[in-house]
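Atom set for the values below is all heavy atoms of this structure, side chains included, hydrogens, waters and symmetry mates excluded. Chain letters run A, B, ... following the sequence lines, proteins first, then strands; residues in each count from 1.
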Amino acid sequence: MDNPGSGADLKLRHVHPWDLSPAEARALQMRLAPRVVREDRLGEIRRVAGVDVGFEEGGRITRAVVSVLSWPELAPLEDVVARSPTRFPYVPGLLSFRELPAVLEALEGLSALPDLLFCDGQGIAHPRRFGIAAHLGVLTDLPAIGVGKTRLIGTHEAVPEERGAWRALYDKEEVIGAVLRTRTRVKPVYVSVGHCLSLETAVELVLKAAPRYRLPEPIRRADRLASQSTGRDQVLHGGVCSSP
DNA sequence: GCGACAG
DNA sequence: ATCTTGTCGC
């Protein structure tokens, strides 16, 4: 009947409505934020996934991509693309309500769920400690890490230029994330807890996932399939969905 | 009241 | 995110 013979049956802990007003969305974030687990509760990591979203038709269509890679080799294993009408506008602090519906669809298309998620965006480095990586982690109950290219909130000291150097990201006196240099002399990324891991572990995993470029390999691949496919030229092998 | 503001 | 070309640097 439903997903006959395949699919990564997501058992969403507590499904919730997506068509909300900004005020209702903020209230929901405050209610779910306490469910984020900020300590290490990871099992063996064998497959990791990068999650990213792009837009088509001037934003009317949301295109979510989940790319699964082996760990720690980082070899491509599976890609799933999901496209659906965009229902929520971009509102700083409410990004997950705009992008997660499509992301969940893509996740459901996987042959098997990954052991860890690398999300393009913040985890708890968010006004209400519930950025997109935290939201996705809580809904799927999968370990998740937020990796933002720019800052949403928080302050921090200057980060040394060497790869591996990082400084805590603060909101008042609270540490909400890390500003990490993944490449020497290259702009740092904003790492924060998404779910089921500590900040220290998140930093360690991001460094291992980004051995050569600024962003973790899983995110780079998902990003390429989500955006670069519409604007720039795309020269890959596989078909439309699921293929390395 | 005036800025800041993930993707 | 997206609209958009070439250009400077390692």
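- Backbone-only engagement by G148(A) is indicated by non-hydrogen atom pairs under 4.0 Å involving sugar-phosphate atoms exclusively.
- In the hydrophobic cluster analysis, where Ile, Leu, Val, Met, Phe, Trp and Tyr join through side-chain heavy atoms closer than 4.5 angstrom, L197(A) is grouped apart from V37(A).
- Using bins of under 30°, 30° to 60° and over 60° for the plane-to-plane angle, the ring pair F130(A)/H135(A) lands in the tilted bin.
- The separation between D223(A) atom CG and dA1(C) atom P is 6 Å, rounded to whole Å.
- Taking the side chain as every heavy atom from C-beta outward, T140(A) and K11(A) never approach each other to under 4.5 Å.
- Taking the ring centre of Y213(A) as origin, the terminal cationic atom of R220(A) falls inside the region bounded by 6.0 Å and 45° from the ring axis.
- Between the side chains of E24(A) and S21(A), a donor-acceptor pair is found at a separation under 3.5 Å.
- In this structure, L94(A) reaches the bases: a heavy-atom distance under 4.0 Å links it to at least one base atom across the strands shown.
- The CZ-P distance, from R163(A) to dC10(C), rounds to 21 Å in whole Å.
- The aromatic rings of F88(A) and F97(A) sit tilted relative to each other, their planes meeting at an angle between 30° and 60°.
- Stems are defined here as 3 or more consecutive Watson-Crick or G-U wobble pairs with pairing distances under 3.5 Å; none involve DNA chain B.
- Residue I132(A) is classed as a base contact, given a heavy-atom separation below 4.0 Å to a base.
- Within the nucleic acid shown, G146(A) has no heavy atom closer than 4.0 Å to any nucleic acid atom.
- Nucleotides of DNA chain B that come within less than 4.0 Å of any heavy atom of chain A span, from the 5' end to the 3' end, dA4(B) to dG7(B).
- Protein atom CZ of R98(A) is 11 Å distant from nucleotide atom P of dA1(C), rounded to whole Å.
- As a whole-Å value, the separation of E56(A) CD from dC3(C) P is 10 Å.
- For the residue pair T86(A) / T62(A), a side-chain donor-acceptor distance below 3.5 Å is found, with atom types taken as modelled.
- Going from atom CG of L169(A) over to atom CD of E157(A) covers 12.0 Å, rounded to the nearest 0.5 Å.
- Residues S70(A) and R46(A) are not in side-chain contact: their nearest non-hydrogen atoms beyond the backbone lie 4.5 Å or more apart.
- In this structure, R185(A) reaches neither bases nor backbone, as no heavy-atom distance under 4.0 Å exists between it and the strands shown.
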